[in-house]
Amino acid sequence: MAILNFTPSSMSPVTTYSARRTRVRGSVIKMQKSLITTDPPASPGFSLCTCGRKHFLGETTTPFLPISPSYASQPTASNSTEVLNQLRPPKPDWYFELYGYFRSSGMERYEKEIAVYKRKLFANLVGKAETVLEIGIGAGPNIKYYKNIPNVSVLGVDPNPKMESHARKSAIDAGVKSENFKFIHAVAESMPLEDASVDAVVGSLVMCSVTDIPQTLKEIKRILKPGGLYLFVEHVAAEDGTFLRMVQNVLDPLQQVVADGCHLTRSTEEYLLEAGFNGGVDINKVSLSAFYHLSPHLYGVAYN
């Protein structure tokens, strides 16, 4: 699962940008981009790909909320399986086991560097969310950020059924009660949950590899309650004409093969701004000190 890692010795300090739509009490007016802060790098040095695997396969294992898939124009009880077959053929158990092991043991350095931004981001949930849905929950590295939310219930969606044991362990380690954690085996494009059923949706390193970004964002909006929050952390394409973008263009086909469909050149920011979140979208852009070809990263909040 390791891929080529480019870390130039002359990398500059981490720089944080803001790309947001100006909001006037829920009305989106325009997008503005401006340099706002310069943050010191967190903890440099991570070298494994962290983003491939999130073509969310549709089949519920332990439903937590009533099933109501919406990917097809006429949703049916068998819709999740149909979407699974549409988006990705089944993989052997050994693949799921291997990737589960990688996700649970190979992410420490990445999580250490990104933690400073995640702490800022997840603070938005305190006092605003009790039911949190995380798409692409993986081994559950974000669950520890939910421990400050009183009476939190966490639903974890992931394509890999072998992730459930890893995510449950992370929930236990974070102090989340076992009855307050549910794992759902489903695709992001067709999540088996009722409309307006969760307070917040969280996705980290998801949009790089889902099959249909607009549909995924549509599902997120459908599932969120009015006023709900969508928190995201994503790596995106570098600016056109830069050396980094040239590197990404060259590596992108290889990245998709070795990293389970992960794309290096997606403009996720544009999709977020065009999704039509009623309260607007706040986006911060950061350049990490390592893992050169997966910069920049976006993190922020969309308001339903």
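Starting from 1, each residue takes its place in the sequence as its number.
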Colleague: Say whether, by atom type as modelled, one donor and one acceptor occur between the side chain of Q248 and the main chain of H293 under 3.5 angstrom.
Modeller: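 At least one qualifying donor-acceptor pair exists.
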Colleague: With a 4.5 Å heavy-atom cut-off, do T265 and N249 have their side chains touching?
Modeller: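 The answer is yes; the side chains approach within 4.5 Å.
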Colleague: Does the distance from a Lys or Arg side-chain N to an Asp or Glu carboxylate O, for K118 and E111, drop under 4.0 Å?
Modeller: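 Here K118 pairs with E111 in a salt bridge, since their nearest N and O are under 4.0 Å apart.
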Colleague: I need the K182 NZ to T131 OG1 distance, nearest 0.5 Å.
Modeller: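 Here the interatomic distance stands at 12.5 Å.
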Colleague: For the backbone of G300 and the side chain of K120, can you confirm whether one donor and one acceptor N or O come within less than 3.5 Å of each other?
Modeller: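 Not a single qualifying donor-acceptor pair exists.
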Colleague: Report yes or no: do E234 and Y299 form a side-chain donor-acceptor pair below 3.5 Å?
Modeller: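 Note: E234 and Y299 side chains miss the donor-acceptor criterion.
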Colleague: State, with a plain yes or no, whether a side-chain heavy atom of I223 is found less than 4.5 Å away from one of D195.
Modeller: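 Answer no - side chains too far apart.
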Colleague: Compare every heavy atom of V210 with every heavy atom of A188, then report the nearest pair and how far apart it is.
Modeller: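 It is CB-CG1, 4.2 Å.
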Colleague: Using side-chain contact (heavy atoms from CB on, under 4.5 Å) as the criterion, point out the one residue from I135, V206, I283 that pairs with F232.
Modeller: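 When side-chain contact (heavy atoms from CB on, under 4.5 Å) is applied between F232 and each of I135, V206, I283, only I283 qualifies.
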Colleague: Whether the side chain of E189 engages the backbone of Q215 through a donor-acceptor N/O pair (distance < 3.5 Å, no angle test) should be reported.
Modeller: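 No; judged by distance alone, with no hydrogens or angles, the pair does not exist.
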Colleague: Within the distance-only criterion (no hydrogens, no angle test), does the side chain of S197 pair as donor or acceptor with the backbone N or O of L193 below 3.5 angstrom?
Modeller: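 No; judged by distance alone, with no hydrogens or angles, the pair does not exist.
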Colleague: Is the backbone of A196 close enough, under 3.5 Å, to the side chain of R222 for a donor and an acceptor to pair up by distance?
Modeller: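 No: the side chain of R222 does not pair with the backbone of A196.
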Colleague: Is there a side chain to side chain contact (heavy atoms under 4.5 Å, CB included) between K128 and L229 once you walk through the steps?
Modeller: CA-CA 9 Å; K128 299 177 183 178; L229 306 178; 4.0 Å; yes
Colleague: Where is the tightest heavy-atom contact between A200 and L125, given as atom of each residue plus distance?
Modeller: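 Smallest heavy-atom distance, with atoms named: CB-CD2, 3.5 Å.
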Colleague: Any donor-acceptor pair under 3.5 Å linking the side chain of R245 with the backbone of A238?
Modeller: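 Yes, R245 side chain to A238 backbone: donor-acceptor pair under 3.5 Å.
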Colleague: To the nearest 0.5 angstrom, please state how far the CD1 atom of I184 sits from the CD atom of E134.
Modeller: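 One finds 12.0 Å between CD1 of I184 and CD of E134.
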Colleague: CD1 of I172 to OG of S170: how many Å apart, nearest 0.5 Å?
Modeller: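 Separation between the atoms: 9.5 Å.
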Colleague: Under 4.5 Å between any side-chain heavy atoms of H297 and L288, yes or no?
Modeller: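 A side-chain contact exists here, since the closest heavy-atom pair is under 4.5 Å.
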Colleague: Any idea which heavy atoms bring F122 and L231 closest together, and the distance?
Modeller: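 What the structure gives for the nearest pair is CA-CD2, 4.0 Å.
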Colleague: Does the ring center of F181 lie less than 6.0 Å from the ring center of F183?
Modeller: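 No, ring centres 6.0 Å or more apart.
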Colleague: Between M246 and L264, is there a shared hydrophobic cluster once you connect ILVMFWY residues whose side-chain heavy atoms come closer than 4.5 Å?
Modeller: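 Same cluster: M246 reaches L264 through Ile, Leu, Val, Met, Phe, Trp or Tyr contacts under 4.5 Å.
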Colleague: Could you tell me whether the side chain of M207 reaches within less than 4.5 Å of the side chain of Y271, counting heavy atoms only?
Modeller: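 Counting from C-beta outward, Y271 and M207 never come under 4.5 Å.
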Colleague: Counting only N and O atoms by type, is there a donor-acceptor contact under 3.5 Å from the side chain of N180 to the main-chain atoms of K177?
Modeller: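 The answer is no, because no donor-acceptor pair under 3.5 Å joins these two groups.
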Colleague: So which heavy atom on C262 is nearest to which on H235, and how close?
Modeller: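 Smallest interatomic distance, heavy atoms only, reads SG-NE2, 3.4 Å.
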Colleague: My understanding is that only one of N304, V201, V301, L133 makes a side-chain contact (heavy atoms from CB on, under 4.5 Å) with Y230; could you say which?
Modeller: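 When side-chain contact (heavy atoms from CB on, under 4.5 Å) is applied between Y230 and each of N304, V201, V301, L133, only V201 qualifies.
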Colleague: Would L224 and Y303 count as a side chain to side chain contact (heavy atoms under 4.5 Å, CB included) here? Give the steps.
Modeller: CA-CA 9 Å; L224 277 173; Y303 303 87; over 6 Å; no
Colleague: Can you confirm whether the side chains of N142 and S204 place a donor and an acceptor under 3.5 Å from each other?
Modeller: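 Yes, because at least one side-chain N or O of N142 sits under 3.5 Å from a partner of the opposite role on S204.
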Colleague: Check step by step if side chain to side chain contact (heavy atoms under 4.5 Å, CB included) holds for V202 and I137.
Modeller: CA-CA 9 Å; V202 173; I137 195 167; over 6 Å; no
Colleague: One pair to check against side chain to side chain donor-acceptor pair (under 3.5 Å): N79 and S190. What are the steps and the verdict?
Modeller: CA-CA 8 Å; N79 181 260; S190 179; 2.7 Å; yes
Colleague: Whether the Y117 and N284 side chains hold a donor-acceptor pair (N or O, under 3.5 Å, no angle test) is what I'd like checked.
Modeller: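 N284 and Y117 do not have a side-chain donor-acceptor pair below 3.5 Å.
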Colleague: First locate atom NE2 of H263, then atom CD of Q255, and finally report the distance between them rounded to the nearest 0.5 Å.
Modeller: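 Nearest 0.5 Å value for the NE2-CD distance: 10.0 Å.
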Colleague: Measure the CG-CE distance between D158 and M163 for me, rounded to the nearest 0.5 Å.
Modeller: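 One finds 5.5 Å between CG of D158 and CE of M163.
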Colleague: If I take atom NZ from residue K285 and atom OG from residue S295, how far apart are they, to the nearest 0.5 angstrom?
Modeller: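 Reported to 0.5 Å precision, the distance equals 11.0 Å.
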Colleague: Can V236 and E269 be said to form a side chain to side chain contact (heavy atoms under 4.5 Å, CB included), step by step?
Modeller: CA-CA 8 Å; V236 296; E269 178 180 358; 5.6 Å; no
Colleague: So, R168 and E164, do they make that salt bridge, N to O below 4.0 Å?
Modeller: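 Yes, this pair counts.
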